[in-house]
Amino acid sequence: MKAGKEPASPEQACQSGQSGQSGQSGQSGQAGQAGQAGQAIEVQDLHKAFGDLEVLKGIDFSVGRGEVVCVIGPSGSGKSTLLRCVNLLEEPTSGTVTVAGTEVTDPDVDIDRVRRRIGMVFQSFNLFPHLTALENLTIAQRRVLRRGKEEANRVARRNLRRVGLSEKEAAYPAQLSGGQQQRVAIARALSMDPELMLFDEPTSALDPELVGDVLAVMRSLAREGMTMLVVTHEMSFAREVADRVVFMDGGVIVEQGTPDRVVGDPQHERTRTFLARVLDPAAAEVGEVPDVGPHTKRVDR
Amino acid sequence: MPLSLALSRRQRARVFRGVQYAVLLLAIAAFALVADWGTLREAFFDVDVARALFPEIITTALVNTAFYALLGFGFGLGLGLVLAMMRLSSVPPYRWLAIAYIEFFRGIPALLVFISLGFGVPLAFEVALDMNVTVMLSLGLVGAAYMAETIRAGIQAVPKGQWEAARSLGMSPGRAMVSIVMPQAFRIVLPPLTNELILLTKDSSLVYLLGLSLGQFELANFGRDALNEHKSLTPILIAGLLYLVITLPLGHLVRRLEARTAKAR
């Protein structure tokens with residue numbers, strides 16, 4: 001895919017080769033950078049604690065190239081932390097995270113180089129308020145990728161068109177609706193030509209009537225074959241777009257599988273309880289779904 | 001008593017306000033009767049004395065006041081920026097140094113700094129500092145302590161998400177600071193920094209300590225000199241009004257900047 005024309009790739013692969021951590025797969029990752037081999041994201045035995053609070057209690061999990069994975073789960077389950085560990089916005093306490101053949105948890109890794117290849121979309125958009133929409137899309141292209149002004153503008157305009165906001169290029173974030181801001185934020189991430197995209201509850205801060213436009217953009221991205229890891233509460237989106245759904249609770253992965261299996265026919269009580277609440281909040285308020293307890297066995301794949 | 005009980009709360013408030021106006025009018029009338037208007041006019045509004053002050057009080061004194069203030073502000077801003085960065089450093093000794101500096105120079109009178117640099121340093125080290133350098137250092141060293149805290153607060157007021165977004169795009173810490181955090185922090189600190197410039201404009205009057213030559217006079221010095229010459233308070237009043245010529249527009253600017261910042265949020 002895109003990795004083929006990424007000049008940084010060979011170096012990156014070498015770095016991960018040197019770290020020699022997963023010998024065999026490191027080698028094949030190096031050889032197959034541009035090809036299908038190797039996972040986009042590989043997480044092994046990931047732990048993360050904030051002080052005494054253990055948020056991630058041993059996560060093993062991977063995302064294949066071109067795969068769309070949705071992570072669902074109650075708030076506080078650690079799903080956002082997991083996502084933020086992938087581009088090292090959070091430093092894992094232990095375990096390894098490998099992105100496109102580069103081990104990001106290696107202390108010697110040049111994290112800025114890796115992050116260029118990982119698009120990140122935040123719940124609160126985090127557009128740069130002192131820059132116009134177009135400048136939001138060009139600043140990292142110019143300062144990080146060292147693209148010329150013309151090229152950066154061309155890429156930026158192409159991505160604004162992709163999210164349906166060509167006419168807003170001169171607007172400042174404060175002049176845009178939440179939905180428009182989030183679409184600009186997606187376009188900003190896309191302008192770096194990322195190999196994969198992380199979405200951290202991208203629609204949670206939006207008014208309900210604005211959610212649809214953002215989901216439509218994400219849907220078309222998925223259709224174009226972008227590798228996506230999405231933390232979300234939008235069950236219908238997960239069912240429709242995801243190749244795989246991961247349910248997390250209490251810092252562990254409880255179950256994962258196709259959307260039809262996890263959302264349609266969950267195997268675990270905890271998943272069922274959660275889905276009942278999310279899909280029909282009114283009903284959950286009336287009476288707690290009885291906790292059947294002992295057979296809620298955790299499955300860490 | 002029955003009267004006050006008969007009044008509604010609103011009526012009572014009106015009566016009370018009426019009393020306040022009455023007291024004020026009485027005080028003004030008493031002052032107008034007692035005051036010796038002839039002497040006052042002579043002391044504060046002597047037209048001949050006032051005329052003799054111009055144009056030098058503008059071309060020399062006002063210009064010098066603005067020049068000294070800007071000199072101190074420029075140096076203070078630069079040093080304040082460095083101190084703010086040290087204050088936010090992840091290396092503890094830098095933080096300690098910055099905190100010690102800020103606490104020290106915020107806590108002592110600017111007058112002491114002027115005396116130290118104007119007389120102490122030349123005597124102790126037998127060096128002659130240039131006048132402008134002395135002014136720049138004296139005003140700047142104190143101003144920097146205040147500005148460092150202002151700038152630090154401004155940087156910390158930029159939401160963490162801005163930093164995360166910048167780093168997620170692959171920006172280095174330095175790049176994220178320069179391209180994303182600083183421009184936003186600068187907008188936040190512009191009003192308080194302008195306030196600092198107002199304070200420095202007034203503090204520039206302390207240079208009168210340094211024993212200036214005529215061409216180096218600023219407003220306070222010029223006014224004092226003219227006071228001696230004319231035995232009249234008029235120069236002091238005019239010098240005071242000319243400070244307002246600088247500080248009032250700046251104060252107005254601060255309010256406009258604050259309104260703009262409030263709107264942008």
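Naming: A, B, ... by sequence-line order, numbering from 1 per chain.
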Inset, instruction - Measure Ile118(A) against the heavy atoms of chain B and call it side chain, backbone, both or neither at under 4.5 Å. - result: backbone
Inset, instruction - Select, from Arg143(A), Met120(A), Gln141(A), the one with the greatest count of heavy-atom pairs under 4.5 Å involving chain B. - result: Arg143(A)
Legend entry - Minimum-distance pair of heavy atoms, taken over all atoms of Pro129(A) and Gln184(B): CG-OE1, 3.3 Å
Legend entry - Where Phe122(A) and Ala165(B) come nearest, the two heavy atoms and their spacing: CE1-CA, 3.7 Å
Legend entry - Residues in residues 139-148 of chain B that sit under 4.5 Å from chain A, counting heavy atoms only: none
Inset, instruction - Check the surroundings of atom CZ in Phe50(A): do more than 12 heavy atoms from other residues, nucleotides or ligands lie under 6.0 Å from it? - result: yes
Inset, instruction - Return yes when atom CZ of Phe16(B) has more than 12 non-hydrogen atoms of other residues, nucleotides or ligands closer than 6.0 Å, and no otherwise. - result: no
Inset, instruction - Provide the closest heavy-atom pair for Ser179(B) versus Ile139(A) in the form atom of the first, atom of the second, distance. - result: CB-CD1, 3.8 Å
Inset, instruction - Look only at the side chain of Glu164(B) and the backbone of Asn126(A), and say whether a donor-acceptor pair between them is shorter than 3.5 Å. - result: no
Inset, instruction - Answer yes or no: does atom CD of Gln20(B) have more than 12 heavy-atom neighbours from other residues, nucleotides or ligands under 6.0 Å? - result: yes
Legend entry - side chain to side chain contact (heavy atoms under 4.5 Å, CB included) assessment of Ile111(A) paired with Arg167(B): CA-CA 9 Å; Ile111(A) 189 63; Arg167(B) 296 303 309 277; 4.2 Å; yes
Inset, instruction - Calculate, to the nearest 0.5 Å, the distance between atoms CG and CD1 belonging to Asn136(A) and Ile180(B) respectively. - result: 7.5 Å
Legend entry - Residues of residues 171-178 of chain B near chain A, each having a heavy atom less than 4.5 Å away: Met171(B), Ser172(B), Pro173(B), Arg175(B)
Inset, instruction - Grab the two heavy atoms, one from Leu169(B) and one from Arg188(A), that are nearest each other, plus how far apart they are. - result: CD1-CD, 3.8 Å
Inset, instruction - Find the one option among Ala189(A), Ser191(A), Ala140(A) whose heavy-atom pairs under 4.5 Å with chain B are most numerous. - result: Ala140(A)
Legend entry - Taking every non-hydrogen atom, the tightest pair across Ser168(B) and Asn87(A): OG-ND2, 3.5 Å
Legend entry - Crowding at OH, Tyr101(B) (>12 non-hydrogen neighbours, <6.0 Å): yes
Legend entry - Value rounded to 0.5 Å, distance of NE2 in His130(A) from CE in Met182(B): 12.0 Å
